[in-house]
2 protein chains.
Amino acid sequence: MLIRVDPSEQRPLAEQIAAAVRGALTRGEVAAGDRLPPARELGQSLDVNMHTVLRAYAQLRDDGLIELRRGRGAVVRDHVDAARAHLDDLARQFVEQARRLGLDDDEMTAMIRKVQP
Amino acid sequence: MLIRVDPSEQRPLAEQIAAAVRGALTRGEVAAGDRLPPARELGQSLDVNMHTVLRAYAQLRDDGLIELRRGRGAVVRDHVDAARAHLDDLARQFVEQARRLGLDDDEMTAMIRKVQP
DNA sequence: ACCTATTTGTCCGTATGTATG
DNA sequence: CCATACATACGGACAAATAGG
């Protein structure tokens, strides 16, 4: 997995890193169970701060693509499982918020159908 | 809006601050259009770092409760609007992810209906 | 099974950038 | 053009998990 970042670009460094890792994931260059390089290490090789890498990793975790644990590092989750888990999570969040606003099931589904690509 | 934090608590400071502001919002102590105190200022009065306050504010922004703009500060959104906007956002995210996984509209609505409290 | 040294993310803090008014 | 105030990136101390003996 080769990553490069360009400090002169407009996009934040963390986002560039996250995008690069996402690309490597979708291209299948890293498999489920693989570990991403430790934030310190990758940061050093990219000449950016550990925390910047960590922020990129946090994004990927929020998307369900990796698991982040102290002392263990960033472990790549199974793509399909990760995507599925993320979808479940979004569905649950949506329904919870909709209920909070008093929407019933029909109104929810109507909302979903109304979302345009 | 009175906020206090307890550094000896387990919860991160940023989360404590976010929770306190959320409470003030739901209790109606601050109205739509009001501005939250600048991060530096609130940080100083709480004796925590500006950045810690900023993290709390970022959480509230992600929940749609406030708008955060450089140079302008943290503006409280209308509760109903904010909740509605957040719901719209969740719906869009859900549909996007579902499409990415190849689900059609019927499968999406089925998923929504299957979410039980 | 136990200890402890290392690895590695988490949290808080600091400095600089940059849009807004 | 200047002051304000969030955004981004960097640095240090800490704690959980792990690995080796």
Side-chain angles (χ1 to χ4, degrees), chain A residues 1 3-22 25 30 33-77 82, chain B residues 1 3-22 25 30 32-77 82 85:
Chain A
M1 180 181 57
I3 292 184
R4 251 172 307 186
V5 293
D6 178 7
S8 69
E9 252 192 68
Q10 291 299 347
R11 271 191 319 172
L13 293 173
E15 207 176 297
Q16 292 184 44
I17 296 170
V21 176
R22 264 196 215 95
L25 289 178
V30 289
D34 286 358
R35 284 180 37 189
L36 299 181
R40 276 179 184 80
E41 196 179 299
L42 182 56
Q44 208 162 16
S45 85
L46 293 179
D47 201 40
V48 301
N49 192 275
M50 163 191 73
H51 297 92
T52 304
V53 177
L54 232 24
R55 203 182 296 167
Y57 282 5
Q59 278 185 33
L60 299 173
R61 178 197 53 196
D62 290 344
D63 289 347
L65 292 173
I66 63 175
E67 274 182 36
L68 268 181
R69 303 269 287 270
R70 271 198 264 220
R72 212 183 50 170
V75 181
V76 176
R77 303 183 53 179
Chain B
M1 181 180 57
I3 292 183
R4 252 173 306 187
V5 293
D6 177 8
S8 70
E9 252 192 68
Q10 292 299 346
R11 272 190 317 173
L13 293 174
E15 208 176 298
Q16 291 184 43
I17 297 171
V21 176
R22 263 195 216 97
L25 289 177
V30 289
D34 286 357
R35 283 180 37 191
L36 298 182
R40 270 185 191 79
E41 196 178 300
L42 182 56
Q44 208 162 14
S45 84
L46 294 179
D47 201 41
V48 302
N49 191 275
M50 165 194 75
H51 193 18
T52 303
V53 177
L54 231 27
R55 281 209 190 101
Y57 282 6
Q59 277 186 32
L60 299 172
R61 178 198 50 196
D62 290 345
D63 289 347
L65 292 174
I66 63 176
E67 272 182 38
L68 228 42
R69 301 270 286 273
R70 273 190 211 171
R72 208 182 56 169
V75 181
V76 176
R77 303 183 55 179

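The chains referred to below are lettered A, B, ... by the order of the sequence lines, with proteins before strands, and numbering in each begins at 1. Values in this document were obtained by computation on a predicted structure and should not be read as measured data.
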Enquirer: Quick one, which residues of residues 54-69 of chain B touch DNA chain C with a heavy atom under 4.0 Å?
Expert: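 Here the set is Arg55(B).
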Enquirer: Applying side chain to side chain donor-acceptor pair (under 3.5 Å), name anything that partners Asp6(B), two or more places apart in sequence or on another chain.
Expert: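 Counting only residues at least two positions away or on another chain, Asp6(B) forms a side chain to side chain donor-acceptor pair (under 3.5 Å) with Ser8(B).
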Enquirer: Mind listing the closest non-hydrogen atom pair of Ala39(B) and Leu54(B) along with its distance?
Expert: CB-CD1, 3.6 Å
Enquirer: Whole angstrom is fine here: how far is it from CD in Gln44(A) over to C1' in dG11(D)?
Expert: 14 Å
Enquirer: Does Arg35(A) have any side chain to side chain donor-acceptor pair (under 3.5 Å) partners at least two apart in sequence or in another chain, and if so, which?
Expert: none
Enquirer: Going by side-chain contact (heavy atoms from CB on, under 4.5 Å), name the residues that satisfy it together with Asp62(A), two or more places apart in sequence or in a different chain.
Expert: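 By the side-chain contact (heavy atoms from CB on, under 4.5 Å) rule, Asp62(A) matches no residue at all.
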Enquirer: Could you work out, with side chain to side chain donor-acceptor pair (under 3.5 Å) as the rule, every residue matching Asp34(B), not counting sequence neighbours?
Expert: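 Partners of Asp34(B) under the side chain to side chain donor-acceptor pair (under 3.5 Å) test: none.
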Enquirer: So, do Val76(A) and Leu65(A) sit near enough that their side-chain heavy atoms are less than 4.5 Å apart?
Expert: no
Enquirer: What parts of residues 5-17 of chain A reach DNA chain D, counting only heavy atoms under 4.0 Å away?
Expert: Pro12(A), Leu13(A), Ala14(A)
Enquirer: Let me know the distance between NE2 of His51(B) and C1' of dA7(D), rounded to the nearest Å.
Expert: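 Taking NE2 of His51(B) and C1' of dA7(D), I get 9 Å after rounding.
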Enquirer: Restricting to side chain to side chain donor-acceptor pair (under 3.5 Å), what partner residues turn up for Glu67(B), sequence neighbours left out?
Expert: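 Testing Glu67(B) for side chain to side chain donor-acceptor pair (under 3.5 Å), a comparison that skips the adjacent residues, returns Arg72(B).
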Enquirer: Would you mind listing every side chain to side chain donor-acceptor pair (under 3.5 Å) that reaches into residues 51-60 of chain A, with sequence neighbours excluded?
Expert: Asn49(A)-His51(A)
Enquirer: Between atom CG in Asp47(A) and atom P in dA9(D), what is the gap in whole Å?
Expert: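 In whole Å, dA9(D) P and Asp47(A) CG are 14 Å from each other.
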Enquirer: What pair of heavy atoms forms the shortest contact from Ala74(B) to Leu68(B), and how long is it?
Expert: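 Closest pair (atom of Ala74(B), atom of Leu68(B), distance): CB-CD1, 3.4 Å.
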Enquirer: Near DNA chain D, counting only heavy atoms under 4.0 Å, which residues of residues 36-43 of chain B show up?
Expert: Pro38(B), Ala39(B), Arg40(B)
Enquirer: I need the CE-C1' distance between Met50(A) and dG12(D), as an integer number of Å.
Expert: 9 Å
Enquirer: What do you reckon, is CZ of Arg69(B) surrounded by more than 12 foreign heavy atoms closer than 6.0 Å?
Expert: no
Enquirer: With a 4.5 Å cut-off on side-chain heavy atoms, are Leu60(A) and Val21(A) touching?
Expert: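 The answer is yes, as the side chains (C-beta and beyond) meet within the 4.5 Å cut-off.
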Enquirer: Within the structure provided, determine whether Leu13(B) and Leu46(B) are in side-chain contact (heavy-atom separation under 4.5 Å).
Expert: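 A side-chain contact under 4.5 Å is absent here.
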Enquirer: Run through Val48(A), Val53(A), Asp47(A) and flag the one making a side chain to side chain contact (heavy atoms under 4.5 Å, CB included) with Val5(A).
Expert: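 Considering Val48(A), Val53(A), Asp47(A), a side chain to side chain contact (heavy atoms under 4.5 Å, CB included) with Val5(A) is found only for Val48(A).
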Enquirer: Which atom pair, heavy atoms only, marks the closest approach of Ala14(A) to Ala56(A)?
Expert: O-CB, 3.2 Å
Enquirer: Going by the rule side-chain contact (heavy atoms from CB on, under 4.5 Å), which residues pair with Gln44(B) if we only count those two or more places apart in sequence or in a different chain?
Expert: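 In terms of side-chain contact (heavy atoms from CB on, under 4.5 Å), with neighbours along the sequence ignored, Gln44(B) is linked to no residue.
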Enquirer: When the C1' atoms of the five terminal pairs at each end define the local axes, what inter-axis angle does the helix from dC2(C)-dG21(D) to dG21(C)-dC2(D) show, to 10 degrees?
Expert: 10°
Enquirer: How would you give the extent of chain B contacts on DNA chain C, as first and last nucleotide 5' to 3' within a 4.0 Å heavy-atom cut-off?
Expert: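 The contacted stretch runs from dC11(C) to dG21(C).
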